[in-house]
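Remarks on the structure that follows.
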Amino acid sequence: MKCPHCGFDRIGAEARFCPNCGTLLMDRLRSAAGGRDIVANESASEMTHFVVGTGQTAPIDNARQMGLIAQSQGDYRTAEAFLRQALDARRATAGPDHPDVAGILVDLAALYEAAGRHGEAEPLYWQAIDIYDRQTPQAQAQLWTIQDRLANLYYVTGNYSAAEPLFRRSLEARRQTLGQNHLDVAQSLNNLGGLYFALREYSKAIPLLQQALEIHRENLGEQHPRFAASLNNLAGVYAATGDYEAAEPLYRQALGIRRAVFGSGHSEVTESLTNLALLRQKTGDFAEAESLLMEVFETSRAGLGENNLAVAQALDNLAELYEAMGNYNEAERLLREALVVRHAILGEDHPECARNLRNLATIHQYLENDAAIEPLLQEALEIYRATTDQHLSDYVATLEELAEFYRTTGNYPKAEPLYEEALKVRRSERESNPLLIAQDLRNLGLIAREVGCHDRANRLLRESLAIWEQMADRKGIAVTLFYLGQTAQDQRNLTGAQQMYERSLAVSEQTGDQAMAGRTLYQLGLIAMSRGSLEEARSYHQRSLQISQRIGSQGITADNLHQLALLAEQSGDQCTAQALARESQSIYQRRDLWNRLSQTLATEFREEDLRAFSGTLDINYDDLPGIGESVKGRELVNAAFRLNRVESLERAIQMHRSKT
């Protein structure tokens, strides 16, 4: 028989689906059912009658397999119908507590997970766990696996407090049953370590991942791909802590193993190249990062052709690098190229294209091209709106991105209903994530503050704060306390504002968040100054200035210098006041020049702007290589943007001078 979909003509007589493409062979299903049509929406009772009537279990297995195939093809509705038929049939023939029932429950839960229906998946996992909990010790391995899957469900939905005990239970059970050095124990260690990584509790994650690494070393040796994966996991945590010196040799070792085992072009080699490139990008070595990512791009294109999703991903990674370098025009060009590839392969309405559109919107934010941002996010939103069953998380995230665009551009009437819709979805069972709920509440509070509804702002911000505190997210606590302080300050409640700022400062100092600490100290300085406490104000602003200079925050540095100049003037020290004012004004002028160049990038290379910038860089615009204004402009821009976008203009000047 030939497959009606792909034409494959070597299908066995008993096959119910094509072994080449997985298409369901409805003629074979009709034959197995005595000539009856078996369709996706057939009632459970009819399916049960068919199964029981045959006296065989094979039709149940077929229905289960067909459900899994339909899921793999993205047809979740058909998959659900077949899996529910198989579940009801197995319950009817084997009883509700049979391990096969638990297995189908897990399949159905996984389907709901894939469809974004997390609230419906959770009870099915618990039912399966309850069944396996009552089985013989031989079934314990399945129990641990299901516990891990449920824990992972909690993990991806942000319910870390529910995930942790399940991961811990599996780890301890495996240690007791299998011993300390079993590979399954290493898997549990990796799971728990990954959870702590997500919680930013790196001191807990590192020893767990180190243990997993040693188990892989002892059981598999240092040239095994799983050992390389373990190296990769541990390196990722070190990189997140900023310990790049510890992370880099692990990433390089993992890359060497994978090259030796798989050769060029393999997905795991690509992963290692990409990880190492991102690390070098963070350390400012853009040259090596670019070389590594170009290798990924070239090998992917050579092995897979121009129109391949791996090539599109490689373009995305290069675009991210150029974004970090501040070369937003090149990043935008690469993302457009990646979008063309995705359109050709997936069509224009695919969710992957929506993600690409969102990345483009981010680039246009840096280019300050507001006219391009709104249509890009709206197009992405419409794509997700049509596929909310499978992409609800992306849909609500895009709602929030568009709302944030409107909020930051002052379009509060458009921003508020989008945040309200996002919050409604976030609070539903399908998409419950406390931290994201807290974020939406905080943004709604900020809108209320901006439009002068201070009582509503206080209520929303305090509701947000309660969630951050419940989840023990200290960064969220510090930021929300800061905004509560600003709201109190708006209402001339200086005592209340000071209390909120002091609480925010204490948390920021505990977490080492210097940027937030610097901002909070600045606000405390303003409050002290408004009360006439000049020495106290000077102390706050000096502390804030030290932090802002250390982390290279030019805006807050200039603001602090300005306030210190005013304080010196009020104290009668005119000489100091003038010097501080000149220093502050100089920074403001350089920031203005930097901003004008960024705006130039969004439109065209205007010679007057570029000549002014070349003077700041202490180079001769007319001596730049190339022909024509645009070529010279690119050379000049590249000279300035060989650094991370958050660095200061002074760093750009120093970098250029060191190369000339």
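Checked by atom type and distance alone, the side chain of T299 never pairs as donor or acceptor with a backbone atom of G265 at under 3.5 Å. No donor-acceptor pair under 3.5 Å is formed between the side chain of S300 and the backbone N or O of V311. Panel note: side chain T408, backbone F405; a donor-acceptor pair is recorded below 3.5 Å.
The shortest side-chain heavy-atom distance between L346 and L309 falls under the 4.5 Å cut-off. The closest side-chain heavy-atom distance from Q313 to N317 is below 4.5 Å. In this structure, the side chains of Q223 and V261 stay at 4.5 Å or more apart for every pair of heavy atoms. With a 4.5 Å cut-off on side-chain heavy atoms, R226 and L183 count as touching. When side chains are defined from C-beta on, R336 does not count as touching V340, because their heavy atoms never get closer than 4.5 Å. In this structure the side chain of R258 never reaches within 4.5 angstrom of the side chain of P225, judged on heavy atoms. In this structure, the side chains of W468 and L435 come closer than 4.5 Å at one or more pairs of heavy atoms. Side chains of L150 and I146 form no contact here, defined as non-hydrogen atoms less than 4.5 Å apart.
Checking E245 against Y238 by side-chain atom types alone, no donor-acceptor pair falls below 3.5 Å. For the residue pair D285 and Q281, no side-chain donor N or O sits within less than 3.5 Å of a side-chain acceptor on the partner. Judged purely by distance below 3.5 Å, without hydrogens or angles, the side chains of E113 and Y125 pair a donor atom with an acceptor atom. For R474 and T511, the side-chain atoms include no donor-acceptor pair closer than 3.5 Å. A side-chain donor-acceptor contact under 3.5 Å links Q187 and N191. A donor and an acceptor atom, one from each side chain of S188 and N190, are nowhere located under 3.5 Å apart. Looking at S170 and Q147, their side chains do bring a donor and an acceptor atom within 3.5 Å of each other. For the residue pair S553 / S548, no side-chain donor-acceptor distance below 3.5 Å is found, with atom types taken as modelled. A side-chain donor from one of Q439 and R442 sits under 3.5 Å from a side-chain acceptor of the other.
Salt-bridge formation is detected for the pair R252/E288: a Lys NZ or Arg NE/NH1/NH2 atom is positioned less than 4.0 Å from an Asp or Glu carboxylate oxygen. For R259 and E295, the salt-bridge test passes: some basic side-chain N is under 4.0 Å from an acidic carboxylate O. Look at D316 and R342 and you find a salt bridge, because one of the NZ, NE, NH1 or NH2 atoms lies within 4.0 Å of a carboxylate O, short of that distance. Salt bridge annotation for R426-E400: present, with a cationic side-chain nitrogen under 4.0 angstrom from a carboxylate oxygen.
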S230 vs N232, side chain to side chain donor-acceptor pair (under 3.5 Å): CA-CA, chis, key distance, verdict: CA-CA 5 Å; S230 217; N232 187 72; over 6 Å; no

Derivation of the side chain to side chain contact (heavy atoms under 4.5 Å, CB included) call for T362 and I373: CA-CA 8 Å; T362 299; I373 296 169; over 6 Å; no

Full working for salt bridge (charged side-chain N to carboxylate O under 4.0 Å, His left out) between R503 and E469: CA-CA 13 Å; R503 288 176 61 190; E469 289 177 333; 3.3 Å; yes

Derivation of the side chain to side chain contact (heavy atoms under 4.5 Å, CB included) call for L213 and L209: CA-CA 6 Å; L213 181 66; L209 296 176; over 6 Å; no

Derivation and outcome, side chain to side chain contact (heavy atoms under 4.5 Å, CB included), residues H364 and L377: CA-CA 11 Å; H364 283 288; L377 290 177; over 6 Å; no

Step-by-step side chain to side chain donor-acceptor pair (under 3.5 Å) determination, Y154 to E164: CA-CA 9 Å; Y154 288 136; E164 182 180 7; over 6 Å; no

Evaluation steps, salt bridge (charged side-chain N to carboxylate O under 4.0 Å, His left out), between D148 and R174: CA-CA 12 Å; D148 285 347; R174 283 170 171 149; 2.7 Å; yes

Test log, rule side chain to side chain contact (heavy atoms under 4.5 Å, CB included), inputs R168 and L192: CA-CA 7 Å; R168 281 201 168 278; L192 191 56; 3.8 Å; yes

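Annotation: R217, atom CZ; neighbour count of heavy atoms from other residues, nucleotides and ligands within 6.0 Å is above 12.
Classification of the Y155-Y160 ring pair by plane angle, with boundaries at 30° and 60°, yields tilted.
Interatomic distance, CZ of R175 versus NE2 of H182, reported as 14.0 Å (0.5 Å rounding). Here CG of L481 is found 5.0 Å from CG of L465. Values are rounded to the nearest 0.5 Å. Here the straight-line distance linking atom CZ of R280 with atom CG of L321 works out to 12.5 Å at 0.5 Å rounding. To the nearest 0.5 Å, atoms CG (N327) and OH (Y322) are separated by 7.5 Å. To the nearest 0.5 Å, atoms CD (Q210) and CG (L234) are separated by 5.5 Å. Residue L273 holds its CG atom at 6.0 Å from CG of L292, rounded to the nearest 0.5 Å.
In terms of heavy atoms, A205 sits closest to G193 at CB-O, 3.4 Å. Taking both residues in full, the closest heavy atoms of A478 and S504 are given as O-OG, 2.8 Å, listed atom of the first, atom of the second, then distance. For the pair A173 and W144, the tightest heavy-atom approach, listed with the atom from each and the gap, is CB-NE1, 3.2 Å. Among all heavy-atom pairs drawn from A109 and A121, the shortest one is O-CB, 3.3 Å. Shortest non-hydrogen contact noted between A314 and V296 is CB-CG1, 4.1 Å. The shortest non-hydrogen separation linking I257 to E222 is CD1-O, 3.1 Å.
Both tests pass for R519 against the ring of F482: distance under 6.0 Å to the centre and angle within 45° of the axis.
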